[in-house]
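Just so it is clear, the values below take in all heavy atoms, side chains as well, and ignore hydrogens, waters and symmetry mates. All residue numbers refer to positions in the sequence shown, counting from 1.
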Amino acid sequence: MKIVFIASSLAIVWCMRRHPLVRRSYDKDLDTFRHQYVVLACFVLALILNEKFTFQEVFWAFSIYLEAVAILPQLVLLQRSGNVDNLTGQYVVFLGAYRGLYIINWIYRYFTEDHFTRWIACVSGLVQTALYADFFYYYYISWKTNTKLKLPA
C-alpha cells in the first residue's frame, strides 16, 4: 500500500509540474498559504511531544505531525477558488479514505497486539481526518445532488 501511495504521489507531482493542461490550471494569486509556519510548528511540536528524545524518534514524530496537516494548503486553495474539479475532489477524498483505513488498522492493532503505543500516530491521524471532514461533507452533498462540487468561501 505504501508503494502505491508513494508512486501515485510522485505521479501527481509530475502532473502538476510537467503536464501542460494541469500546470496551466495553477493560480498563483490564490496560493498564498504560508506553509513555512506549519512546517516549523510541526518541528517544534516534534521536539516537545515525542516518544523518546532521539534523532530517529523526533524526526518520525515530525513526519507524522507534518503528514497530519499536509493537506491544509490544498484545502485552503480549494476553498479560496470555490470550485473543485472532479479529479481534485476525488484525489482529496481518496487521501482521506487512505487515512480512514489507517484508523481502522489502529483499532484492529489495539485489540490484537500487546502494548500498541503509537499514540502520536493515532492522535495525528484523528486530527488529519477531522481536517477532511468538512470537505467530505460538501463532497457527499455534491455527489448526492449530482451537482458540481463548490466549497463555501
Side-chain angles (χ1 to χ4, degrees), residues 1-16 22 25-26 30-52 56-153:
M1 199 61 179
K2 281 284 189 190
I3 293 171
V4 171
F5 179 72
I6 292 169
S8 63
S9 296
L10 290 173
I12 290 167
V13 169
W14 180 86
C15 282
M16 289 187 306
V22 176
S25 68
Y26 176 68
L30 294 175
D31 189 11
T32 59
F33 189 85
R34 307 254 184 207
H35 65 276
Q36 303 89 335
Y37 297 122
V38 174
V39 172
L40 181 63
C42 289
F43 185 69
V44 170
L45 188 60
L47 289 172
I48 296 168
L49 293 175
N50 52 62
E51 292 183 7
K52 281 189 243 178
Q56 185 175 355
E57 286 296 318
V58 168
F59 277 92
W60 174 82
F62 171 63
S63 74
I64 296 298
Y65 296 143
L66 193 57
E67 183 182 5
V69 295
I71 194 64
L72 276 176
Q74 181 71 42
L75 291 176
V76 169
L77 180 66
L78 291 175
Q79 191 167 19
R80 284 186 183 150
S81 69
N83 293 325
V84 181
D85 62 58
N86 287 337
L87 181 63
T88 305
Q90 290 171 356
Y91 171 71
V92 173
V93 165
F94 282 116
L95 278 178
Y98 169 77
R99 178 51 62 186
L101 291 173
Y102 258 92
I103 291 172
I104 293 169
N105 177 47
W106 295 326
I107 293 168
Y108 172 77
R109 289 179 65 189
Y110 177 78
F111 288 112
T112 60
E113 292 180 14
D114 294 335
H115 309 297
F116 180 69
T117 60
R118 288 296 188 177
W119 64 270
I120 290 175
C122 293
V123 171
S124 296
L126 291 173
V127 168
Q128 185 177 15
T129 304
L131 291 174
Y132 284 103
D134 185 54
F135 185 85
F136 286 162
Y137 171 76
Y138 288 106
Y139 186 85
Y140 175 75
I141 296 298
S142 169
W143 174 76
K144 185 131 174 107
T145 59
N146 200 24
T147 58
K148 185 166 176 54
L149 177 59
K150 290 186 178 193
L151 297 175

- Item | Check: Leu95 and Tyr132 side chains under 4.5 Å, non-hydrogen atoms | yes
- Task: Could you tell me whether Trp143 atom CH2 has more than 12 heavy atoms of other residues or ligands within 6.0 Å of it?
- Result: no
- Message: Show the nearest heavy-atom pair for residues Ala68 and Leu131, with the distance to one decimal.
- Response: O-CD1, 3.4 Å
- Item | Heavy-atom pair of closest approach, residues Val69 and Cys42 | CG2-SG, 3.6 Å
- Item | Side-chain heavy atoms of Ile71 within contact of Phe135, under 4.5 Å | no
- Query: Just wondering, are more than 12 heavy atoms of other shown residues or ligands nearer than 6.0 Å to NZ in Lys148?
  - Reply: yes
- If we only count heavy atoms from C-beta on, is the Tyr108 to Ile104 side-chain gap below 4.5 Å? no
- Could you tell me whether the side chain of Ser124 and the main chain of Ala121 form a donor-acceptor pair under 3.5 Å? no
- Could you tell me whether Gln36 atom CD has more than 12 heavy atoms of other residues or ligands within 6.0 Å of it? yes
- So, the side chain of Tyr139 versus the backbone of Val92: is there a donor-acceptor pair under 3.5 Å, distance only? no
- Least distance between heavy atoms, Gln128 atom then Glu67 atom: NE2-O, 3.2 Å
- Item | Closest non-hydrogen atom pair, Ile120 against Asn50 | CD1-CA, 3.7 Å
- Message: A side-chain contact here means heavy atoms from C-beta on lying under 4.5 Å apart; do Val76 and Gln79 qualify?
- Response: no
- Roughly how far, to the nearest 0.5 Å, is the CD1 atom of Ile64 from the CG atom of Leu45? 12.0 Å
- Message: Testing the basics here: between Glu57 and Lys52, what is the closest heavy-atom pair and its distance to 0.1 Å?
- Response: CB-O, 3.1 Å
- Query: Roughly how far, to the nearest 0.5 Å, is CG of Leu49 from CH2 of Trp119?
  - Reply: 5.0 Å
- Say you draw a straight line from OG of Ser142 to CG of Asn86; how long is it, rounded to the nearest 0.5 Å? 8.0 Å
- What is the distance from atom CG of Leu149 to atom OH of Tyr140, rounded to the nearest 0.5 Å? 14.5 Å
- Parallel, tilted or perpendicular: ring planes of Phe62 versus Phe59, cut at 30 and 60 degrees: perpendicular
- Query: Going from CZ on Phe33 to CG on Leu72, what distance comes out if it is rounded to the nearest 0.5 angstrom?
  - Reply: 5.0 Å
- Task: Go through Val84 and Tyr138 one step at a time and tell me if the side chain to side chain contact (heavy atoms under 4.5 Å, CB included) criterion holds.
- Result: CA-CA 11 Å; Val84 181; Tyr138 288 106; over 6 Å; no
- Parallel, tilted or perpendicular: ring planes of Tyr98 versus Tyr102, cut at 30 and 60 degrees: perpendicular
- Short question: side chain of Arg80, backbone of Leu30 - any donor-acceptor pair under 3.5 Å? yes
- Query: Roughly how far, to the nearest 0.5 Å, is the CG atom of Leu101 from the CE atom of Met1?
  - Reply: 6.5 Å
